[in-house]
Amino acid sequence: MKDYKIIFRVDGRIVPEAEILEMELSRYHHVFQIFDQKNIPISLADEELSYEELLQLPLEQAKIALAQTREALGKVKSLELFAPEIKRGDKMWHEIAAASKAGVNFQEAYVEVETENISLEQFMLFNQHLMKENNLYLPSTIHPEHYYFDANSKGEQIIVETFGMYKDPSYLDLKPGSKSDYPVTPDQKVDLVMAGKTYLANDHSDTKMLGMHQLTRTENGMKVKLGVFLPEQAPKEIAEGHKWHLMVEFNNGLHIAAQQHPNFLQKKVMDAALNRMKKQQQ
């Protein structure tokens with residue numbers, strides 16, 4: 001029995017985990033279909049599975065099969081295989097950015113999360129673990145539409161994902177933002193603001209999309225406000241779809257974070273870092 005709790009709210013409604021898991025499995029099936037159409041074999045424990053067999057897998061085995069396959073393909077091959085989709089994604093974001101003004105009239109999409117017995121320090125350890133591993137396996141288990149992931153010590157990430165679960169995967173360069181980049185004023189008492197700017201990885205053009213997540217420590221856990229700010233001319237389906245993407249992603253991430261147990265020294269270092277960042281955000 002789990003000794004922790006994760007509660008998701010979207011547009012004022014509590015979203016049961018069963019709904020999130022159902023959406024997650026449906027997106028694995030979506031990716032399995034794409035791999036099948038591209039004749040990319042998927043194996044589980046060194047046994048290649050047919051598309052029909054993949055659809056019968058329970059969620060946990062579906063995760064392992066896709067993660068093992070992606071890791072075996074490697075980063076270079078993954079980019080090569082999805083070059084046509086990336087090209088179409090670039091075209092879509094060029095058109096959206098050209099039709100939208102920067103920094104105004106955002107489409108705002110939020111997911112609110114509350115945890116019990118999962119601390120901000122545990123989440124930070126998970127995030128550090130994700131960056132340190134820097135492979136294709138772990139991100140694939142966090143969301144099936146994470147096709148590519150590469151991170152560095154500066155907090156920058158290069159990703160390929162189907163943003164908002166809309167149409168083709170996008171090849172994106174995520175860069176940390178500063179206080180001047182915040183699209184909204186942070187909530188009071190927030191401990192950590194994770195803001196980011198989004199560029200196309202191929203040509204470094206600005207998509208005019210921002211991310212801003214607010215994390216606040218509570219007495220027995222934390223509250224998180226996940227936010228994505230889409231340019232005005234982005235299809236509305238992206239904003240709605242990304243709410244589900246965030247729920248799947250953070251549900252898995254928080255389950256992993258619950259298993260992280262910072263020692264005394266790690267807690268001291270993270271507390272000092274959080275206090276420093278909190279002052280910078282004020």
Can you tell me how far apart CD (Glu156) and CG (Asp150) are? Round to the nearest 0.5 Å.
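Spacing of CD (Glu156) from CG (Asp150) equals 10.5 Å.
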
To the nearest 0.5 Å, what is the distance between CD1 (Ile6) and OG1 (Thr115)?
7.5 Å

Among Gln214, Met277, Met212, His213, the one residue meeting side-chain contact (heavy atoms from CB on, under 4.5 Å) with Met194:
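It is His213, the one option of Gln214, Met277, Met212, His213 that forms the side-chain contact (heavy atoms from CB on, under 4.5 Å) with Met194.
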
Going by atom types only, do [X] and [Y] share a side-chain donor-acceptor pair under 3.5 Å?
| X | Y | result |
| --- | --- | --- |
| Ser43 | Asp46 | no |
| Asn251 | Glu24 | no |
| Tyr166 | His242 | no |

[X] side chain to [Y] main-chain N or O, any donor-acceptor pair under 3.5 Å?
| X | Y | answer |
| --- | --- | --- |
| Lys5 | Asn117 | no |
| Thr141 | Leu138 | yes |
| Lys243 | Val10 | no |
| Gln266 | Asn263 | yes |

Give the minimum heavy-atom separation between Thr207 and Ala97, together with the two atoms involved.
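Smallest heavy-atom distance, with atoms named: O-CB, 4.0 Å.
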
Could you report the tightest heavy-atom contact between Thr69 and Pro41, atom names first, then the distance?
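Minimum heavy-atom contact is CG2-O, 3.4 Å.
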
Same cluster (ILVMFWY, side-chain, under 4.5 Å), [X] and [Y]:
| X | Y | answer |
| --- | --- | --- |
| Val190 | Leu192 | no |
| Phe82 | Ile158 | yes |
| Leu226 | Ile159 | yes |

Under 30°, 30 to 60°, or over 60°: which ring-plane class applies to Trp93 and Phe163, parallel, tilted or perpendicular?
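If you compare the ring of Trp93 with that of Phe163, the planes turn out perpendicular.
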
Side chain to side chain donor-acceptor pair (under 3.5 Å): pairs with one or both residues in residues 103-114, sequence neighbours excluded:
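Passing the test, one end in residues 103-114: Asn105-Glu232, Glu108-Tyr110.
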
For residues 216-228, the side chain to side chain donor-acceptor pair (under 3.5 Å) pairs (sequence neighbours left out) are Glu121-Arg217, Arg217-Asp271

Can you sort out the partners of Tyr199 under ring pair (Phe, Tyr, Trp, His ring centres under 6.0 Å), two or more places apart, ordered by chain and number?
none

Start with the C-alpha gap between Leu66 and Phe35, add the side-chain angles, then the distance that decides, and say whether side chain to side chain contact (heavy atoms under 4.5 Å, CB included) holds.
CA-CA 10 Å; Leu66 187 57; Phe35 272 55; 4.0 Å; yes

Please confirm whether Arg70 makes a cation-pi placement over Tyr147, using NZ or CZ under 6.0 Å from the six-membered ring centre and within 45° of the ring normal.
yes

Do the side chains of Lys63 and Glu60 get close enough for a salt bridge, i.e. N-O under 4.0 angstrom?
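Yes, this pair counts.
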
Met247 vs Met23, test: side chain to side chain contact (heavy atoms under 4.5 Å, CB included). Steps then yes/no.
CA-CA 10 Å; Met247 283 189 281; Met23 174 61 78; over 6 Å; no

Are side-chain heavy atoms of Arg88 and Pro84 found at a separation under 4.5 Å?
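Yes, at least one pair of side-chain atoms sits under 4.5 Å.
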
